[in-house]
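Report on one structure; see the data block that follows.
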Protein chains: 2
Amino acid sequence: MSERGKEPRARSRCPISRTLELVGDRWTLVILRDLFIGKKRYGEFLDSPERITTNILANRLDLIERAGLATRRAYQHRPARYEYELTEKGRDMFPVLYEMSRWANKHYPETFTPPDSFTKAGMKASGARAKRA
Amino acid sequence: MSERGKEPRARSRCPISRTLELVGDRWTLVILRDLFIGKKRYGEFLDSPERITTNILANRLDLIERAGLATRRAYQHRPARYEYELTEKGRDMFPVLYEMSRWANKHYPETFTPPDSFTKAGMKASGARAKRA
DNA sequence: ACTTGTTACTTGCAATATACAAGTATCAGA
DNA sequence: TCTGATACTTGTATATTGCAAGTAACAAGT
């Protein structure tokens, strides 16, 4: 990947629109979810039940890194192997995931309730930043 | 529009994935945002600064209605004119929009802070449902 | 040495979605 | 009759997605 090039200017200054320009697709936030669960490696993301394809995964990992939501670092050289880790900016996305989760749990009974490990990990990761009201 | 046909089965039972299958695109949630602001009509959605195109708007309004996020009703016949209105299911999406807004406000200083009218309207619309823990 | 397996991708191609421009139908009002 | 408004639909080019296959660099087994 790694097609450089200026990112197109934002459609507007609306914060919702701005967020959607970054993560408004079917896959980016499921990778973020996996990172919150503690997954770090390419193969782990591939194993998720949604079955992301390899080209999309590679593309999204690149976008996620370039957007500063996660960092990539080699945990091994020769052959190079990488791990991805959420940044604070990425961790700050937890409340969005949390509210999506609550919404679906309310309106789609076939969805499962996230395990405490997710909720607690996310709460801790995003810290008091997740609080409000 | 109005291509019927069964909706494809969900990728997984994960509530986050399920939500993204519905609203995981660049436009659906900006239309929801407009509905929260109080916009009701086709032309009002078109006027938003993001400049949605007419075919996408028509498609999304159809999807939004079919998903039960809003209802469509004719406010006038001959010629038929319609207004869209959030359902409870749609109003329940407010916390997601709110958290997206907060996230972008924190990480993208060029985004504006939503007016109180948005926040209050949303809080009221989603009511105590948005509360908890 | 050769084969198999693992990891992290890339490449090719068809299908679908999006953007952009233009057109349509139905009416109201001048 | 002409202009304008509203709510779309249609056509076409481009971009994104999904699916299958291939690649590179090694490790371990036979």
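Here is how names work: the chains are called A, B, and so on, in the same order as the sequence lines, proteins then strands, and each is numbered from 1.
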Inset, instruction - Could you check whether B/F45 gets within reach of a base, just the sugar-phosphate, or nothing at all, counting any heavy atom under 4.0 Å? - result: nothing

Legend entry - Nucleic acid footprint by protein, nucleotides 15-26 of chain C - heavy-atom cut-off 4.0 Å, B for base, S for sugar-phosphate alone: ---SBBBB---B

Legend entry - Passing option when B/E83 is tested against B/K40, B/R72, B/R41 for salt bridge (Lys or Arg N to Asp or Glu O under 4.0 Å): B/R41

Legend entry - A/Y42 side-chain N/O to C/dT10 phosphate OP1/OP2 under 4.0 Å: no

Inset, instruction - Would you mind reading off the distance between A/E65 atom CD and C/dA8 atom C1', rounded to a whole angstrom? - result: 14 Å

Legend entry - Whole-Å distance separating the CD atom of A/E21 from the P atom of D/dA15: 17 Å

Legend entry - Step-by-step side chain to side chain contact (heavy atoms under 4.5 Å, CB included) determination, B/V30 to A/L20: CA-CA 8 Å; B/V30 342; A/L20 291 171; 3.7 Å; yes

Inset, instruction - Report yes or no: do B/T111 and A/R18 form a side-chain donor-acceptor pair below 3.5 Å? - result: no

Legend entry - Nearest-angstrom distance from the residue atom CG of A/L20 to C1' of D/dT16: 17 Å

Legend entry - A/L46 CG to C/dT10 P, straight-line distance once rounded to whole Å: 13 Å

Inset, instruction - Report yes or no: do A/E50 and B/S12 form a side-chain donor-acceptor pair below 3.5 Å? - result: yes

Legend entry - Distance, rounded to the nearest Å, where B/D47 contributes CG and D/dC8 contributes P: 15 Å

Inset, instruction - Find the distance A/D62:CG to C/dA8:P and express it as a whole number of Å. - result: 16 Å

Legend entry - Length of the line joining B/L57:CG and D/dT9:C1', which is rounded to integer Å: 13 Å

Inset, instruction - Indicate yes or no: does B/E110 engage A/R9 in a salt bridge with an N to O separation below 4.0 Å. - result: no

Inset, instruction - Take the angle between the ring planes of B/F94 and B/F118 and call it parallel below 30°, perpendicular above 60°, tilted in between. - result: tilted

Inset, instruction - Measure from NZ on A/K40 to C1' on C/dT7 and round the result to the nearest Å. - result: 17 Å

Legend entry - Side-chain N or O of B/R41 closer than 4.0 Å to phosphate OP1/OP2 of D/dC8: no

Legend entry - B/K89 atom NZ, over 12 foreign heavy atoms within 6.0 Å: yes

